[in-house]
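Take a look at the structure set out below.
Just so we're on the same page: letters track the sequence lines, and every chain starts at 1.
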Number of protein chains: 2
Amino acid sequence: MILFFSTFKLSYICVMGILRKTKSVKILLDEFEKQSTAISAITLIERFHLNMNKTTIYRILDKLEDDGFLHSFLGKNGHKWYAKCIGCTNVEHHDIHPHFQCLDCGKVDCLPTDVLIPNIPNRKVDVSQILIQGKCEECFS
Amino acid sequence: MILFFSTFKLSYICVMGILRKTKSVKILLDEFEKQSTAISAITLIERFHLNMNKTTIYRILDKLEDDGFLHSFLGKNGHKWYAKCIGCTNVEHHDIHPHFQCLDCGKVDCLPTDVLIPNIPNRKVDVSQILIQGKCEECFS
DNA sequence: TATTTAATGCAACTTTGTTGCATTAGTTAA
DNA sequence: TTAACTAATGCAACAAAGTTGCATTAAATA
């Protein structure tokens, strides 16, 4: 199924999870469009608790990940973070890149670098998560 | 301060966190001595809830990490895992290696491979966590 | 506009981990 | 060996992140 999200400057999203263009979905898609860094589920709950319930937020994030629109990963304290995918579909996620979390301000960025995970004898590698922690550009100086 | 743990086949641990050789400390040290793979905090709580309180387990793990005897990292669901360090001290952890978690059986191993995290312009890299997920030797065949 | 059902809100719950405080038990010194 | 000191423990209550079930609401469509 294919939906047209013209107002979000997305040409289309191939959808399995998200079926209806609700207010909540619009708000969250909008947020990921305008923010380039990753956003944690908790931050979204703080930011939009007046607009929608936390359950709704968790469910929409889940679906957007299934759809290949967002990818998720675990930050510092095991908190879940989300960021826009590049070239992913509902069949497979392709954007395996490291994430950088600033230990001062907590911000998380996707690093454009591709990291090659070597094959490991007798094991099948499905996913790899690389979280680099340190000081970001702003907190470095 | 230096304590002698002869019964655990450790020559010594340079200690800042652990000061007293209590029953609980002995049990946990023993467990890490005899198991080569990583162990999650939750597993230890399940395994030893008759011997000691979960608070005690969390506190001892914390201290053993401070001491450079264990290192910790986050697995699949943000759960905390612990494994023995190699060549770490209470001043600095040196053993930055990837961890492999089997998505079938959940087991986590430390991979001996060293992974080089490239410097990133304008950022200071402190720690890097690499979690590779897939199928382990046993679950692969 | 009516119908269908995906999506939502809410409350209650689960899981992992933390905190404060009274009690227990290692360690050290007499 | 014993007494004194205080680190370590157990317990209960709490906190935060995330999940579940179910009644209600609101997109999509016919």
Which whole-number value in Å describes the distance from [X] [atom1] to [N] [atom2]?
X      : N       : atom1 : atom2 : result
K80(A) : dA16(D) : NZ    : C1'   : 16 Å
K63(B) : dA7(D)  : NZ    : C1'   : 7 Å
I45(B) : dG17(C) : CD1   : P     : 7 Å
M52(A) : dT25(D) : CE    : C1'   : 16 Å
K54(B) : dA15(D) : NZ    : P     : 14 Å
R20(A) : dT4(C)  : CZ    : P     : 13 Å
L61(A) : dA7(C)  : CG    : C1'   : 14 Å
K76(B) : dG18(D) : NZ    : P     : 17 Å

Which nucleotide sits closest to the side chain of [X]: [options]?
X      : options                  : result
N53(B) : dT5(C), dG10(D), dG26(C) : dG10(D)
I42(B) : dT16(C), dT8(C), dT27(C) : dT16(C)
Y58(B) : dG18(D), dT9(D), dG17(C) : dG17(C)

Please determine whether a side-chain nitrogen or oxygen atom of [X] lies at a distance below 4.0 Å from atom OP1 or OP2 of [N].
X      : N      : result
T22(B) : dT9(D) : yes
T55(B) : dT9(D) : no
T56(B) : dA8(D) : no

For a quick check of understanding: with a heavy-atom distance under 4.0 Å over all strands, which category does I60(B) fall into, base, sugar-phosphate or nothing? sugar-phosphate
Using a heavy-atom cut-off of under 4.0 Å over every strand shown, decide if D62(B) touches base, sugar-phosphate, or nothing. nothing
Do [X] and [Y] make a side-chain contact, defined as non-hydrogen atoms from C-beta onward lying under 4.5 Å apart?
X       : Y       : result
T37(A)  : F100(A) : no
Q129(A) : L74(A)  : yes
H71(B)  : C110(B) : yes

Which comes earlier along DNA chain C counting from the 5' end, the contact point of K23(B) or that of L74(B), where each point is its nearest nucleotide? L74(B)
Same apolar cluster: I60(A) and I57(A), side chain cutoff 4.5 Å: yes
Salt bridge (charged side-chain N to carboxylate O under 4.0 Å, His left out): which pairs involve residues 132-141 of chain A, sequence neighbours left out? D104(A)-K135(A), K107(A)-E138(A), E137(A)-R123(B)
Check whether the side chain of R59(A) and the base of dG9(C) form a donor-acceptor pair under 3.5 Å. yes
